[in-house]
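If you're wondering where the values come from, they're calculated on a predicted model, not measured in any experiment. Chain naming here is simple, since letters A, B, ... match the order of the sequence lines and numbering starts at 1 in each.
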Amino acid sequence: MEYTFKEIEQKWQQYWKNNATYKVEINATKPKYYVLDMFPYPSGAGLHVGHPLGYIASDIFSRFKRLKGYNVLHPMGYDAYGLPAEQYAIQTGQHPAITTTKNIARYREQLDKIGFSYDWNREVRTCEPDYYKWTQWAFVKMFNHYYDTQLQQAKPIESLVKHFATQGTDSLQAACTEELSFTAKEWNEKTDEEQQHILLNYRIAYLADLKVNWCPALGTVLANDEVSEGVSIRGGHPVEQRIMRQWSLRISAYAQRLLDGLDTIDWSESIKETQRNWIGRSEGAEMKFPIKGQDADLLIFTTRADTTYGVTFMVLAPESEYVQQLTTAEQQQAVETYIESVKKRTERERIADRKVSGVFTGSYAINPFSQQEIPIYISDYVLAGYGTGAIMAVPAHDSRDYAFAKHFNLPIVPVIEGCDVSEESFDAKDGVMCNSGFMNGMTVKAAIETAKKYVSDNGIGRVKVNFRLRDAIFSRQRYWGEPFPVYYKNGLPYMLDESKLPLELPEIDKYLPTETGEPPLGRAKAWHTAEGYPYELNTMPGFAGSSAYFLRYMDPRNSNELVSKEANNYWQQVDLYLGGTEHATGHLIYSRFWNKFLFDLGLICKDEPFKKLVNQGMIQGRSNFVYRIKDTNTFVSYHLKDQYEVTPIHVDVNMVSNDILDIERFKAWNPEYNKAEFILEDGKYVCGWAVEKMSKSMFNVVNPDDIVEKYGADTLRLYEMFLGPLEQSKPWDTNGIDGVHRFLRKLWSLFYKDGNYIVTQDTPTTEELKTLHKTIKKITFDIENFSFNTSVSAFMICVNELAQQKCSKQAILEPLVILIAPFAPHIAEELYHALGHTTTVCDAVFPICNESYLVESTINYPISFNGKVRFTLPLEASLSKEEVEKAVLQNEQTRKFLQDKQPKKIIVVPGKIVNIVL
RNA sequence: GCUCUGGUGGUGGAAUUGGUAGACACGCAGGACUUAAAAUCCUGUGAUCAUUACGAUCGUGCGGGUUCAAGUCCCGCCCGGAGUACCA
């Protein structure tokens, strides 16, 4: 019997399907394990060979855990809402639901070919009403809660209303957009409308006028993590700042918990660090600088209160509310001109062009430490959104302030001894204070603490923690997303009753904004409640649907709850989450926030969603080139190209094998090349290559279907793992896949020779047992450490050794088949049945290493002289240090290397090495 | 700039606590089988020098250091990749 992978794979895929092998239910008698892949957005291009990398790794781990006796939840679904389907709809008029359904079918077909152990009964699609009902539901909950900063927990908005009714804002501990102050009496006298307005200031999901990233090309606003360097991440379109009325989620209230939680989860240090930076906690002081001639203060935030004596001017952000208040009549014109010029600049221009610019307001502040008068400027290097939108400038110790001071000729006063500020600022936080009154002589570290105390003791301000993390803007002016369960009455938002959910996405005639510039939902007919109140026209952003999908998988068909208590208590949280690093500041923060919110409401039992996170590296493309001699239709082979003036041209990697071009296919590729001529080397055309992003335009996309067709799914699975460490980025190079395929054939040939089944019941030899158990040990260690590339080589070594030993004994091969089942499930299932089993290999028991087979009786000691190994010497493993030393010194070869010299020192590491120092 | 990563043969990579650097594969070369090709199998394959056997020297981005012993630890640089960016 031959290794006919195609038949074998189809046969077992059908078997698994027929027998519901991967269906999983709550089973209290077994420990649970939850393995999750980041679910894909089903794009029109289908999967390329890079996508399944993580899925294969997590599948290996799931299957391993199952063999180890765990009840493994391993689901898959689709992040089905998104821009590409909508953009396609705009171009073609095809409903995005149709595009999406088609793409999902294609994804599923591709995934099925690879033999994953997903329980497809649990599939979710974020665009299905059954699913997004719970996205809307969570939003309603967020609207109906506020964040208590004292308890560090979300609380029902009713308790806040009660607080207002009895105490007003007195001793209020609630996260808010704007600090408000009113009495209980004032609150009670307000109209319902006024009260609702105030409550929006506290709700976790709230509507507010915010400065947003508006992307005109996409016709929508984008969240901070969807914008990079002033352009949209999807599509690279310019983004500008605009004030718009938008739904937002008060994720900033959770900043501290999101930060602290990082210490409790097993994620890579680098991704935790990225989140820490994104959250951006900084401890400092909020200080009031009195304004000269006004009964008002300028409030600023600083982490360097110790440098206050060095403050020689103040700077406001152009958008700051202080601007109007502090601009004097004489400066009015100049300030207006400046602010106009700043407004015209896009975010992108601001980043690209960092010229110092600014304008004087005409007003002065009083330095609360030195009592000196200092001018107040406006400049766009100060950000409105951070701190208070105003700063105290310390040019001697801050490079930005320094540049500004130099440009406007403002004084620079150093407050740290011995630093030279004639050329640049001294930003470091070490040294001894000077020019600083009561802080003189202190170290910077001590001065920071002293200054903070001074500030609070003298009523200048208070110690404060600031976060960089902004609230998440939650509105999108698009069609293909979750509708908000919101209607408006007198311009005020109200939530639909939970019984009315889901509010389904309506049909519209065109997927474009309305003529009046309203979002696409403005085109929907009868888009209002039964009473006639209009529904919200925005839809939710991409991260809405992916923020709690891991919970829904636990209980995907529950129509009464997001997840039942029973299912949640059993499955708890994701034990292993596998996906790319690109979601570090988006999905992975939002879903932690969402999860914590649900946790606060007592709806789920864990406050962190993903216990362990593993990030797979990106698979890059490996492009091939041909070299056309300039102005000809002649192509010259790689090693001869330097003799000509050539233009490199990308050539489809699918017509290149081991860098040798298939000339006939190349000619047929494009009519232009039909008559092409070639200058060959050794009768072949050798292509050049480079590592680039895998994309259509580089002609380097490799489709997993083609690999499965040619080599089988098991080969694909093994080869993807064999390429290199899971977490590292690496180029896909189909060269080398033959080796892995050959390995499977070799494994097969331990069972079948010349078409005959040759497995025997003989008792294995010590050597054979050693081969097996060393492999068990290695594979177990590797899987637990996500080192799948080394597992594959361990299997190769094992099979090579067994072939050498001519071992076809059931006692060895059966454990080996179970061992390899997580990696190559189809061949394993086939061979497991060949060995006489009638149930699936998935329900076998993972073999355990018996160390006693690994004990060596002799050790081949490397004998080194001055650290250089000269020869090896087999010695009894039981020999003591002294005996080893004696045996080595008596050895003839040792004498030869010693010559007449007396060794100065002999180091014997038992079981490892001998080093003789001369 | 800052943070995180990584740098080992022609290529992908291995080396788990400092202990024989280059496992395992690819590629290449030679050989066997074959009318021939494919497939398969065997042998060799870091570099340089030497070759009659024994070999010798160098070698993990660069320069130092610790150690009997360094790819691995310490100090200082260089280069690639990713993220982030006026955050006070």
For nucleotides G61(B) and G6(B), find the distance between their P atoms and express it as a whole number of Å.
13 Å
A32(B) and A37(B): how far apart are their C1' atoms, nearest whole angstrom?
16 Å
Could you check G9(B) for me: syn (within 90° of 0) or anti?
syn
Using a cut-off of 4.0 Å on non-hydrogen atoms, how would the nucleic acid contact of Tyr861(A) be classed: base, sugar-phosphate, or nothing?
nothing
Spacing of the P atoms in C78(B) and A69(B) (rounded, Å)
30 Å
Whole angstrom is fine here: how far is it from NZ in Lys778(A) over to P in A15(B)?
6 Å
Rounding to the closest angstrom, what is the interatomic distance between G22(B) and U3(B) at atom P?
36 Å
Does either side chain, that of Ser425(A) or that of Asp398(A), offer a donor lying less than 3.5 Å from an acceptor on the other one?
no
Pairwise C1' distance for U43(B) and U48(B), with rounding to whole Å
24 Å
May I ask which nucleotide in the shown strands pairs with U57(B), Watson-Crick or G-U wobble, both distances under 3.5 Å?
A47(B)
Establish, from distance only, whether the side-chain atoms of Tyr309(A) and Asn367(A) form a donor-acceptor pair under 3.5 Å.
no
Begin from the C-alpha positions of Ser282(A) and Asn466(A) and carry the test side chain to side chain donor-acceptor pair (under 3.5 Å) through to its verdict.
CA-CA 5 Å; Ser282(A) 60; Asn466(A) 241 318; 5.6 Å; no
Checking contacts here: which listed nucleotide (C26(B), U3(B), C86(B)) is nearest the side-chain heavy atoms of Asn735(A)?
C26(B)
If U40(B) has a Watson-Crick or G-U wobble mate with both distances under 3.5 Å, name it; if not, just say none.
A32(B)
Determine, for Tyr638(A) and Lys641(A), whether the Lys NZ or Arg CZ falls below 6.0 Å from the six-membered ring centre while staying within 45 degrees of the axis.
yes
In whole angstrom, what separates Gln620(A)'s CD from A82(B)'s P?
8 Å
Any luck finding a side-chain donor-acceptor pair between Glu727(A) and Ser268(A) under 3.5 Å?
no
Of Arg870(A) and Ile907(A), the one whose nearest nucleotide on RNA chain B sits closer to the 5' end is Arg870(A)
Given U16(B), A23(B), U3(B), the nucleotide with the shortest approach to the side chain of Ser793(A)
A23(B)
Of the options A23(B), U3(B), G13(B), whose atoms approach the side-chain atoms of Glu273(A) most closely?
U3(B)
Identify the nucleotide, in any strand shown, that forms a Watson-Crick or G-U wobble pair with G10(B), with both distances under 3.5 Å; if there is none, say none.
C26(B)
Please figure out whether Thr581(A) or Phe467(A) has its closest RNA chain B nucleotide nearer the 5' end.
Thr581(A)
What's Asp401(A) touching, base or sugar-phosphate or nothing? Going by heavy atoms closer than 4.0 Å.
nothing
Heavy-atom pair of closest approach, residues Gly867(A) and Asn915(A):
N-OD1, 3.0 Å
Once you apply a heavy-atom cut-off of 4.0 Å, does Phe743(A) come out as touching a base, just sugar-phosphate, or nothing?
nothing
Identify whether any heavy atom of Asn915(A) sits under 4.0 Å from a base atom; if not, whether one sits that close to sugar-phosphate; answer base, sugar-phosphate or nothing.
base
For Lys904(A) and A69(B), what is the distance between atoms NZ and C1' respectively, to the nearest whole Å?
15 Å
Would you say Asn800(A) places a side-chain N or O within less than 4.0 Å of OP1 or OP2 belonging to A25(B)?
yes
May I have the distance from Arg468(A) (atom CZ) to U3(B) (atom C1'), rounded to whole angstrom?
12 Å
pair_partner(U16(B)), Watson-Crick or wobble, both distances < 3.5 Å, evaluates to none
Against the side chain of Leu723(A), the closest entry in U17(B), G12(B), A23(B) is G12(B)
Would you say a side-chain N or O of Asn789(A) is under 4.0 Å from OP1 or OP2 of A14(B)?
yes
What nucleic acid atoms does Val917(A) come within less than 4.0 Å of, heavy atoms only: base, sugar-phosphate, or nothing?
sugar-phosphate
Would you mind pulling out the nucleotide paired to G63(B), Watson-Crick or G-U wobble, both distances under 3.5 Å?
C75(B)
When the P atoms of A14(B) and C73(B) are compared, how many Å lie between them, rounded to an integer?
16 Å
For the pair made of CZ in Arg622(A) and P in U11(B), what is the distance, rounded to whole Å?
11 Å
May I ask you to evaluate whether Lys730(A) reaches the phosphate of G12(B), defined as a side-chain N or O under 4.0 Å from OP1 or OP2?
no
What integer distance in Å separates Glu582(A):CD from G81(B):P?
19 Å
Students often mix this up, so state it plainly: with edges at 30° and 60°, are the rings of Phe823(A) and Phe788(A) parallel, tilted or perpendicular?
perpendicular
Checking contacts here: which listed nucleotide (C58(B), U20(B), A85(B)) is nearest the side-chain heavy atoms of Trp278(A)?
A85(B)
Atom CD1 of Ile913(A) and atom C1' of A15(B) are separated, to the nearest Å, by 14 Å
Can you check the distance between G10(B) and U5(B), where both ends of the measurement are the C1' atom (answer in whole Å)?
26 Å
Once you apply a heavy-atom cut-off of 4.0 Å, does Pro725(A) come out as touching a base, just sugar-phosphate, or nothing?
sugar-phosphate
For residues Phe313(A) and Phe404(A), establish whether the separation of their ring centroids is below 6.0 Å.
yes
Using a 4.0 Å heavy-atom cut-off, does Ile391(A) contact any base of the nucleic acid, only the sugar-phosphate backbone, or nothing at all?
base
Is the shortest side-chain N/O distance from Ser282(A) to OP1 or OP2 of A88(B) below 4.0 Å?
yes
Could you state the CG-C1' distance from Leu316(A) to C86(B), rounded to the nearest angstrom?
16 Å
Just name whichever nucleotide pairs with U3(B), Watson-Crick or G-U, keeping both distances under 3.5 Å, else none.
A82(B)
Select base, sugar-phosphate, or nothing to describe what Ser270(A) touches, counting heavy atoms under 4.0 Å on all strands.
sugar-phosphate
Which nucleotide in A88(B), U84(B), C41(B) has an atom nearest any side-chain atom of Thr585(A):
U84(B)
A70(B) versus U20(B) - spacing of their C1' atoms, nearest Å
14 Å
Assess, by modelled atom type and distance only, whether the side chains of Thr790(A) and Asp782(A) contain a donor and an acceptor separated by less than 3.5 Å.
yes
Do the side-chain N or O atoms of Arg742(A) get closer than 4.0 angstrom to the phosphate oxygens (OP1, OP2) of A25(B)?
no
